[in-house]
Enquirer: 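Take a look at this one; I'll ask things after.
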2 protein chains.
Amino acid sequence: MTKYKTDMAAVLDICKALADPNRLRILMSLRDGELCVCQITEMLALAPSTVSKHLLILKQAGMVESSKRGRWIYYTLLVDSTQTVPVMNWLKASLTNDNVIKRDHVLLKKILSENPTELCCQQRTTRGREQL
Amino acid sequence: MTKYKTDMAAVLDICKALADPNRLRILMSLRDGELCVCQITEMLALAPSTVSKHLLILKQAGMVESSKRGRWIYYTLLVDSTQTVPVMNWLKASLTNDNVIKRDHVLLKKILSENPTELCCQQRTTRGREQL
DNA sequence: CATATATTTCGTTATATGACGAAATATAAA
DNA sequence: TTTATATTTCGTCATATAACGAAATATATG
């Protein structure tokens, strides 16, 4: 396993990270690829500071990683880990049909496609409308 | 999935059940078969009431089941569940080499073999010494 | 029946956790 | 440089959780 932490501590960090509905929703929302914090925040409808804390917990557990691009920070699943692969497989198998997760999925598609000017990530470098 | 609970609630109950070191130790201790509460209590060196609570949480999460035999209550892993199998496989792969878990394993073998008269489960119906 | 043993339930207490808002930080746009 | 946007950090508060001891419950033994 990795360094620093004992195996127990590593597993425990993952289990604690999974032991919250909003963090499970975040993990499931990252199935299809990266999302920036503001998109996740929009989906969860929580305070940005709260979402930031959730993401930190997931990151410290080794479930996700972040990359900064311009003003935005994108989070992705850390799929190259011996820990996260079985965990995510189990979560996907168990939660894909959950109503909250399904609702999130629909909402996310809307957030990613429509992305109106009022929303965060308005001026995305790649393909956003630039009008304020 | 099962009844009553949503998928999310079911997964959450499992994750919360796993998010405690003593409950992980209990689950790992049940790898090799059933144990009665007093044996688990001896291994963990916690108050019986605390162990009882941990076992209740694991049971309500669907990770273990109990069967009463005489004065004793034996707990076993619930291995016929689509939830517990992948979870336990992951735990076994991740925790078998952990030092605490290894120490528990040694201790449990001692508890199961020696089982001196002072200990709990003194007068086991199957093969215990009967002297008080 | 009285006693000892095994386990659970209950009440209490200390700590952990999740939520928020305000303030700090960083980066891009005007 | 000033302003707006994106995110994090910090402090606070309410709730959840883990531990214990005492008491209750159940079952076997004397």
Side-chain angles (χ1 to χ4, degrees), chain A residues 12-13 15-26 34-42 44-61 64 66-75 111 115-126 128-132, chain B residues 12-13 15-26 34-42 44-61 64 66-75 111 115-126 128-132:
Chain A
L12 211 46
D13 281 353
C15 293
K16 287 186 178 183
L18 301 180
D20 176 273
N22 291 316
R23 288 196 291 269
L24 290 177
R25 291 170 69 190
I26 293 173
E34 66 180 13
L35 292 173
C36 79
V37 179
C38 56
Q39 292 167 328
I40 297 169
T41 303
E42 178 74 13
L44 294 177
L46 290 175
S49 57
T50 304
V51 175
S52 184
K53 186 74 195 303
H54 283 314
L55 289 167
L56 180 64
I57 290 169
L58 288 169
K59 188 197 270 191
Q60 288 177 336
V64 303
S66 63
S67 68
K68 191 168 202 168
R69 292 211 297 283
R71 223 184 309 193
W72 300 279
I73 300 180
Y74 287 85
Y75 279 82
I111 292 172
N115 202 16
T117 47
E118 293 87 68
L119 238 65
C120 65
C121 302
Q122 302 157 15
Q123 45 286 74
R124 307 184 69 186
T125 42
T126 47
R129 298 96 159 172
E130 303 304 325
Q131 78 266 37
L132 182 68
Chain B
L12 212 45
D13 280 354
C15 293
K16 287 185 179 184
L18 301 180
D20 176 272
N22 292 315
R23 288 195 291 269
L24 290 177
R25 291 170 68 190
I26 293 173
E34 66 181 14
L35 292 173
C36 80
V37 180
C38 55
Q39 292 167 328
I40 297 170
T41 303
E42 177 74 13
L44 294 178
L46 290 175
S49 58
T50 304
V51 175
S52 184
K53 185 73 194 302
H54 282 314
L55 289 167
L56 180 65
I57 290 169
L58 288 170
K59 188 198 270 190
Q60 287 178 336
V64 303
S66 62
S67 68
K68 192 170 202 166
R69 291 212 297 284
R71 222 185 307 194
W72 300 278
I73 300 180
Y74 288 85
Y75 279 82
I111 291 171
N115 203 16
T117 47
E118 293 87 68
L119 238 65
C120 67
C121 303
Q122 300 156 18
Q123 47 289 71
R124 306 184 69 185
T125 43
T126 47
R129 300 94 157 175
E130 301 305 325
Q131 77 266 36
L132 182 64

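Each chain gets a letter, A, B and so on, in the order its sequence line appears, and its residues count up from 1. Side-chain atoms are counted along with the backbone in the values below, which use heavy atoms only and exclude waters and symmetry mates.
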Enquirer: Could you give the CH2-to-C1' distance, from B:Trp72 to C:dA6, as a whole number of Å?
Expert: 8 Å

Enquirer: Can you check nucleotides 25-27 of chain D for protein contacts, nitrogen or oxygen pairs under 3.5 Å, and list what you find?
Expert:
unit_1	atom_1	unit_2	atom_2	d
D:dA26	O3'	B:Lys68	NZ	3.3

Enquirer: Residues in side chain to side chain donor-acceptor pair (under 3.5 Å) with B:Lys59, at least two apart?
Expert: B:Ser66

Enquirer: Please list, chain by chain and in numerical order, all residues satisfying side chain to side chain donor-acceptor pair (under 3.5 Å) with B:Thr50, sequence neighbours excluded.
Expert: none

Enquirer: State, to the nearest 10°, the angle formed by the axis through the first five base pairs of the helix from C:dC1-D:dG30 to C:dA30-D:dT1 and the axis through its last five.
Expert: 10°

Enquirer: Rounded to the nearest Å, what distance is computed from the OH atom of residue A:Tyr74 to the C1' atom of nucleotide D:dT5?
Expert: 13 Å

Enquirer: Minimum heavy-atom separation for A:Cys38 and A:Trp72, please, with both atom names.
Expert: SG-CD1, 4.2 Å

Enquirer: Residues two or more places apart in sequence or in another chain: which of them pass side-chain contact (heavy atoms from CB on, under 4.5 Å) with A:Lys53?
Expert: A:Ile57

Enquirer: Provide, to the nearest angstrom, the distance between the CD1 atom belonging to B:Ile73 and the P atom belonging to C:dT9.
Expert: 9 Å

Enquirer: Walk along nucleotides 13-23 of chain C from 5' to 3' and tag each nucleotide B, S or - by protein heavy-atom contact under 4.0 Å, base first, then sugar-phosphate.
Expert: ----SSSBBB-

Enquirer: For B:Leu44, give me all partners under side-chain contact (heavy atoms from CB on, under 4.5 Å), at least two apart in sequence or on another chain.
Expert: B:Asn22, B:Arg25, B:Ile26, B:Ile40, B:Leu46, B:Val51

Enquirer: Going by the rule salt bridge (charged side-chain N to carboxylate O under 4.0 Å, His left out), which residues pair with A:Asp13 if we only count those two or more places apart in sequence or in a different chain?
Expert: A:Lys5

Enquirer: Could you pull out all residues at least two apart from B:Glu34 that satisfy side chain to side chain donor-acceptor pair (under 3.5 Å)?
Expert: B:Arg69

Enquirer: Working to the nearest 0.5 Å, report the span between SG of B:Cys36 and CD1 of B:Ile111.
Expert: 9.5 Å

Enquirer: Measuring from A:Gln39:CD to A:Tyr75:OH, what's the distance to the nearest 0.5 Å?
Expert: 13.5 Å

Enquirer: Using whole Å, what does the distance between atom C1' of nucleotide D:dA28 and atom CZ of B:Arg69 come to?
Expert: 16 Å

Enquirer: If I compare all heavy atoms of A:Ala61 with all of A:Ala17, which pair ends up nearest, and what's the gap?
Expert: CB-CB, 3.7 Å

Enquirer: In whole angstroms, how far is the P atom of D:dA6 from the CD1 atom of A:Ile40?
Expert: 14 Å

Enquirer: What is the distance, rounded to the nearest whole Å, between atom CG of A:Leu35 and atom C1' of D:dT7?
Expert: 15 Å

Enquirer: To the nearest Å, give me how far apart CD (B:Gln39) and C1' (C:dT5) are.
Expert: 14 Å

Enquirer: Report the residues that fulfil side-chain contact (heavy atoms from CB on, under 4.5 Å) with B:Leu12, sequence neighbours left out, ordered by chain and then residue number.
Expert: A:Pro21, A:Leu24, B:Lys16

